[in-house]
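When a ligand or atom number is given, it counts from 1 through the structure's own listing order. One-based numbering along the sequence shown.
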Amino acid sequence: MKFKMIAKVPLLAWGGIMAGSLWMIGSCSAQTAATLTIEAGHAAGNVSPMHYGLMTEEINYCYDGGLYGELIRNRAFLDDPKEPAHWSAVSGATLSLDAKHPLNETITTSLRLDSPSASAAAPAGLANSGYWGIPVKPATRYHARFFAKAAPGTSGPVTVSIQSDDGATVFAVADGPTLTSEWHSYNVTLTTGQDVKPSTKARLALTLKKPGTVWFSIVSLFPPTWKDRPNGLRPDLMQMMVDLKPSFLRFPGGNYLEGDTVETRFEWKKTLGSISGRAGHPGPWGYRSTDGMGLMEFLLWCEDMGAEPVLGLYAGYSLKGAFVKPGKDLEPFLEEALEEIEYVIGPVNSKWGARRAKDGHAEPFKLHYVEIGNEDWFDKSGSYEGRFAQFNDAIKLKYPQLKCISSIGSEQPEKLQVHSRKADVIDEHYYRPTDVFLKDSAKHFDNYDRKGPEIFVGEWAAHETAYPPWDKRAKSDPPTPNMKAAIGDAAWMAAMERNSDLVTMQCYAPLFVNVNEWQWRPDLIGYDALNVYGAPSYYALRMFSTHVGDEILKSSLPQGSALHQTVTRNSKSGAIFIKLVNPELTAEALTIQLKGLAAVAATARVETLAAEPTATNSLAEPKKVIPVISTISGIKPTFTHTLPPYSITVIELN
Ligand code: AHR
């Protein structure tokens with residue numbers, strides 16, 4: 001067999017182990033090849049069409065300061081009751097919070113600007129540096145919107161500009177209309193010049209050229225968004241997700257669904273409509289959410305990715321231990337959940353279906369799965385049994401087509417699991433070291449009852465460290481994981497895909513991290529205000545999720561083999577996807593035997609991700625570890641392929 005492999009990663013001698021031969025697949029002196037046997041004559045099961053999905057919540061500045069396009073931090077001036085956090089005064093102006101001049105009943109504070117010495121030569125006002133900088137790009141249109149009213153005697157417009165963080169360079173500027181003494185919203189378009197250099201060292205400034213007093217509320221700035229949606233999403237992050245071809249999105253959490261307290265749960269009704277009616281709320285990860293990412297934005301996000309929602313319903317348990325007793329006390333929360341479902345799929349003549357139509361989407365969204373709570377094994381009161389039963393029964397009565405997911409899986413102690421009802425699906429979470437995934441993957445799902453509930457692995461990730469993500473030592477590690485974690489992830493994905501008749505859905509967590517400040521690692525996709533990169537694990541996931549058939553082919557490796565494998569086939573095209581993980585620091589020759597297959601095309605497409613265990617990607621080196629595509633020829637029903645050291649490989653046969 002001939003190999004045409006382009007070595008993407010330079011020939012390093014990491015740890016002195018493979019000097020000279022690393023990634024030179026064609027010239028590896030392979031030891032005696034082990035055999036991967038594939039029963040290609042018939043399918044052993046069906047791959048769930050919902051298998052590969054995504055999970056998100058407001059963590060690591062995932063929405064605010066991440067996917068949500070809003071560039072202004074603390075736009076509603078509600079982040080800190082004591083001071084206008086993240087805002088600064090420009091040219092001697094004074095800024096203060098003013099609860100006596102609220103915008104409305106929801107946005108209960110405004111920002112008062114006093115600029116007694118403002119002049120055309122020294123405009124005075126306020127500035128915001130966004131989430132670690134405002135991203136400036138050449139020839140780009142930004143949409144600024146703010147609410148303002150002026151004190152009597154204040155004249156002239158507000159000048160809006162995107163400028164360097166020291167104010168010395170103006171990248172884009174425009175005057176808004178003249179203010180009145182009543183609250184109005186003002187829209188201003190700002191366009192940067194062709195010669196502007198991309199930078200995050202910028203701020204938005206709102207200034208007056210004449211002395212005066214002005215109150216501001218909801219100051220917002222959006223760059224171009226995905227599909228140009230108003231209140232929309234950041235295109236580069238969307239592209240990263242779209243490239244994964246996810247079939248579902250689990251939202252809004254995670255802990256973010258539950259909140260620290262009942263009052264700070266994700267209250268979906270408060271996230272609808274104009275952003276001038278969304279006060280936001282404190283999130284469980286140490287910062288306040290704007291609620292700019294509301295239920296409608298989540299649903300449109302799913303639609304724009306071609307994915308369907310897996311909707312997490314608040315079910316009466318919050319992180320600091322408060323729980324709502326099943327029965328009468330729980331009824332209002334159940335009602336809230338039923339109304340939420342109605343908002344998503346109800347007809348337009350239902351109360352909440354009509355509200356959805358008013359919010360711009362008459363057509364019901366797709367929805368097949370709802371999850372009742374999140375990680376309710378933390379509820380030590382034992383109330384989940386009753387809470388699940390109450391939700392499950394009421395949901396099934398009104399929406400028999402929906403599948404209810406229990407948030408307690410069988411990886412949790414038996415006594416915490418739900419017994420009075422058979423959940424359609426159970427959600428299991430696996431945050432494990434690479435070494436544990438490597439050990440556990442081969443057999444993990446073998447003993448599951450195939451007649452039991454479907455398994456949703458609703459959160460999982462390998463960590464390359466011996467300590468878990470919630471250990472304080474993780475704080476000093478990089479936010480995104482390295483190749484060692486990707487190897488663990490790939491072995492785990494192989495296990496889940498081999499069993500994807502049972503593991504009908506799975507999603508890595510957390511998905512996003514703003515590298516400037518974060519609460520949890522490892523994460524799949526890192527970014528700052530301007531740039532984005534995928535961890536090696538992102539590429540491992542992309543290789544898996546974009547090369548999958550609808551049939552599982554039974555495959556086996558000799559006992560004791562360190563390799564991991566999964567094989568699927570597209571029943572329409574006949575394409576066979578062989579995924580292989582080599583966690584060894586040596587190249588491994590493998591004989592691949594396709595039993596029950598008369599013929600196979602002579603060439604195959606191969607995608608390979610290979611690097612030393614500590615290799616990783618970052619903002620500075622976003623593409624250090626990425627897959628390499630090659631073609632191999634001489635393929636027969638039995639052929640040999642050599643897996644590079646420490647590698648993930650997808651072979652696509654026709
Ligand atoms: O993914 C991070 C957190 O891990 C989720 O919010 C929670 O569900 C889990 O404990």
Student: List the atom of Ile107, the atom of Ala279, and the distance in Å for their closest heavy-atom pair.
Tutor: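 Closest pair (atom of Ile107, atom of Ala279, distance): CD1-CA, 3.8 Å.
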Student: Residue by residue, ordered by chain and number, which ones reach under 4.0 Å of ligand 1 with a heavy atom?
Tutor: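 Contacting ligand 1 under 4.0 Å are Glu57, Gly254, Asn255, Trp285, Asn374, Glu375, Tyr431, Glu459, Pro510, Trp520.
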Student: What residues, two or more places apart in sequence or in another chain, satisfy side chain to side chain donor-acceptor pair (under 3.5 Å) together with Glu70?
Tutor: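 For Glu70 the side chain to side chain donor-acceptor pair (under 3.5 Å) partners, ignoring immediate neighbours, are Arg75, Ser220.
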Student: Identify all side-chain donor-acceptor contacts of residues 485-494 below 3.5 Å with residues at least two apart in sequence or on another chain.
Tutor:
residue, atom, partner, partner atom, Å
Asp489, OD1, Ala462, N, 2.7
Asp489, OD2, Ser537, OG, 2.6

Student: Taking 4.0 angstrom as the limit, do Glu342 and Arg355 come out as a salt bridge?
Tutor: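 Salt bridge absent between Glu342 and Arg355.
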Student: Can I get a per-line list of side-chain donor-acceptor pairs under 3.5 Å for residues 246-253, giving both atom names and the distance, sequence neighbours left out?
Tutor:
residue, atom, partner, partner atom, Å
Ser247, OG, Met50, O, 3.2
Ser247, OG, Tyr52, O, 2.7
Arg250, NE, Glu371, OE1, 3.1
Arg250, NH1, Gly458, O, 3.2
Arg250, NH1, Glu459, OE2, 2.9
Arg250, NH2, Asn374, OD1, 2.7

Student: Starting at CE of Met305, measure out to CE of Met241 and round the result to the nearest 0.5 Å.
Tutor: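 One finds 5.5 Å between CE of Met305 and CE of Met241.
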